[in-house]
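Heads up, the thing below is written out as structure tokens.
When a ligand or atom number is given, it counts from 1 through the structure's own listing order.
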Amino acid sequence: MTELTNHRLDTAGFEAERAEILQSWPTGTGVSFAEAVKVQEALPIEKRFPVALAAADAQGMTLLQPRAGVALVREHAALLNGLSPYCDVLPTTIDAYTRHNRYTEAQDGIDRSRAAGTSLLNGFPAVNHGVDGCRRLVDAVSKPVQVRHGTPDARLLAEITLAAGFSSFEGGGISYNIPYAKHVPLERSIRHWQYCDRLVGRFEEEGVSINREPFGPLTGTLVPPFVSHVVAILEGLLALEQGVKCITLGYGQAGNVAQDIAALRSLRRLAHHYFLNAGYGDYKLTTVFHQWMGGFPADEAQATAVICLGALVARQARATKIIVKTPHEASGVPTLEANQAGLKATRQMVNMISDQNRVDSPDIQMEIDVIEAEVHAVMREILRLGRGDIARGAVAAFQTGAMDVPFAPARANLGKLTPVRDNHGAIRLFDVGNVPLPADVLAFHRDKIAERARCERREPSFNMVVDDVRAISASKLVGRPA
Ligand code: 5AD
């Protein structure tokens, strides 16, 4: 493999790699790009993800999307059709074996699920079902369907699902490595995702738009907004270079209302800034807000409150889409009914917020200023380390710890940066690690944490961090001492 750079993959190399990928598992041979383009062209308007996003964006609407995936095509279609009346766009959550390219075990899961009469996989094994199985699924539903997963090497998954009429594909070379894998080198996953983005770029060249969505929330645990924004911007830039045109950047609810609103508003602005500066003009940018990705309360009524707070913030900040949680979050894969309950609670809140004024406050503006200063500082260092190339810069920045995702399992991540909540529950930096933030920003974080420490009559310490990680599932935002 040639050295990683942020340049469009050349056609001959891409086609040679593609032939190899499609040979790597029997269902790969069912993919023909010419057929795939025809399948996408034949999709009715109401099943095209980019159309739904553009309409929502134009009308200032917020789309709702659940997560769902079971082992067998018929059961999965029935599940999606049970969710469809309560949401705007559909998911297909992929099982853990497929995410790790373990298709033999996925097949075993399919066979055992058939025998048991119930799903024994934690998602939909799209590669094993192949183009035909996935097409039967897309044919059986009436809304756009997105592939949602967590796969460092999703090349075959992308080939098969896009050939079958899925019109949106989640993930990215950083966001589906650092939080999801332990031993995958970052340069390898970025390179494999350049392939996925190039595939989407090839569809765009044929006049077929497919939505790409980098995974925003990363580890979902006290992630400072600037950290996820930098990853979102990097993956957006990497995708645009490969010819992606329809891009949705994500952010996961952190819990403090002002900080969350500021994060969503700044994400859009910062992304346009970096995309336009890099010379890309021909793209459509939308946003997605993830309801709380950390530990949930086990109690269903309490969980519903967490869901509703997320809905409020997402709608206030005019996210294009919300990924909805369920009251079963603490216990595992939700039932259809629990998933419907999460969607209904979210819809009620979105409807009640929709006609209200845009909330503004000095607090929100201050959070925006801080996030922007942080993102610019880290992006500057990434460009410096990569000598202008963000793919190389990203790999180098994770090596040095200039980029650092809290609580991530990947070896490629330094893991020195440690977040903690301030006295109002906003996420601050207890230990900045090696991230090169400006002195005034660091002083701001220190002051905010000191304010909390005074209030709690204890020194800032790692105990505070641990208390914060547990706080929401224990019904609070800030992890105060008992
Ligand atoms: N069906 C529904 N939700 C799922 N999640 C993971 N797999 C599935 C599935 N097959 C959800 C988890 C968590 C999030 C990361 O994804 O419950 O909320």
Side-chain angles (χ1 to χ4, degrees), residues 64-84 86-87 89-100 106 109-110 113 118-129 134 137 141 145-151 154 157 161 166 170-172 175-176 178-181 213-221 223 228 250-253 288-298 300 302-304 306-307 309-311 314 321-343 345-346 407-409 472-473:
L64 305 195
Q65 183 178 24
R67 293 184 174 90
V70 289
L72 305 179
V73 175
R74 204 178 327 135
E75 285 72 10
H76 184 48
L79 176 61
L80 293 189
N81 283 325
L83 292 167
S84 197
Y86 303 93
C87 67
V89 284
L90 292 167
T92 286
T93 303
I94 304 299
D95 70 291
Y97 289 128
T98 303
R99 294 177 185 205
H100 290 101
I110 292 173
S113 297
T118 185
S119 177
L120 297 174
L121 291 175
N122 63 358
F124 181 77
V127 167
N128 291 69
H129 288 309
C134 290
L137 176 73
V141 300
V145 208
Q146 179 186 43
V147 187
R148 305 189 64 85
H149 45 130
T151 312
L157 180 64
T161 52
F166 283 80
E170 194 195 31
S175 63
Y176 269 5
I178 302 294
Y180 282 100
E213 179 186 326
F215 176 62
L218 303 178
T219 54
T221 308
V223 177
S228 51
Y251 170 74
Q253 177 183 9
V288 52
F289 181 90
H290 290 248
Q291 289 173 346
W292 178 242
M293 292 290 282
F296 255 69
E300 295 192 15
Q302 290 176 248
T304 306
V306 178
I307 287 169
L309 182 63
K321 184 174 86 170
I322 307 177
I323 305 289
V324 174
K325 284 275 179 169
T326 83
H328 280 185
E329 177 58 26
S331 53
V333 172
T335 59
L336 168 65
E337 292 72 22
N339 227 331
Q340 291 170 337
L343 289 164
T346 302
F407 308 110
I472 286 188
S473 57

Restricting to heavy atoms, the pick from Val333, Asn122, Thr93 nearest atom 10 (N) of ligand 1 would be Asn122
Classify the contact between [X] and ligand 1 as side chain, backbone, both or neither, using a heavy-atom distance cut-off of under 4.0 Å.
X      : value
Thr326 : neither
Pro66  : neither
Glu329 : side chain

Practice problem: Name all residues meeting the side chain to side chain contact (heavy atoms under 4.5 Å, CB included) criterion together with Leu309; count only those two or more places apart in sequence or in a different chain, and write none if there are none. | Solution: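 Only Gln253, Val257 meet the side chain to side chain contact (heavy atoms under 4.5 Å, CB included) criterion with Leu309.
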* Asked: Are the ring centres of Phe215 and His290 closer than 6.0 Å?
  ->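 So the answer is yes for these two rings.
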Looking only at N/O atoms, are Asn339 and ligand 1 under 3.5 Å apart anywhere?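 By distance alone, the answer is no.
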Any nitrogen or oxygen of Gly69 lying under 3.5 Å from a nitrogen or oxygen in ligand 1? Just yes or no. yes
Is there a side-chain contact (heavy atoms from CB on, under 4.5 Å) between Arg148 and Ile323? Walk through the geometry before answering.
CA-CA 11 Å; Arg148 305 189 64 85; Ile323 305 289; 3.4 Å; yes
Atom pairs and distances, side-chain donor-acceptor, residues 74-83, under 3.5 Å, sequence neighbours left out:
unit_1	atom_1	unit_2	atom_2	d
His76	NE2	Thr92	OG1	2.9
Asn81	ND2	Ala77	O	3.2
Asn81	ND2	Ala140	O	3.0

When rounded to the nearest 0.5 Å, the distance separating NE2 of His129 from CZ of Phe124 is 4.5 Å
Locate the shortest heavy-atom distance separating Tyr180 from Tyr176; write the atom from each residue and the value.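 Minimum heavy-atom contact is CE1-CD1, 3.5 Å.
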What's the shortest distance from atom 2 (C) of ligand 1 to any protein heavy atom, and which residue and atom give it?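 Result: Arg67 O, 3.2 Å.
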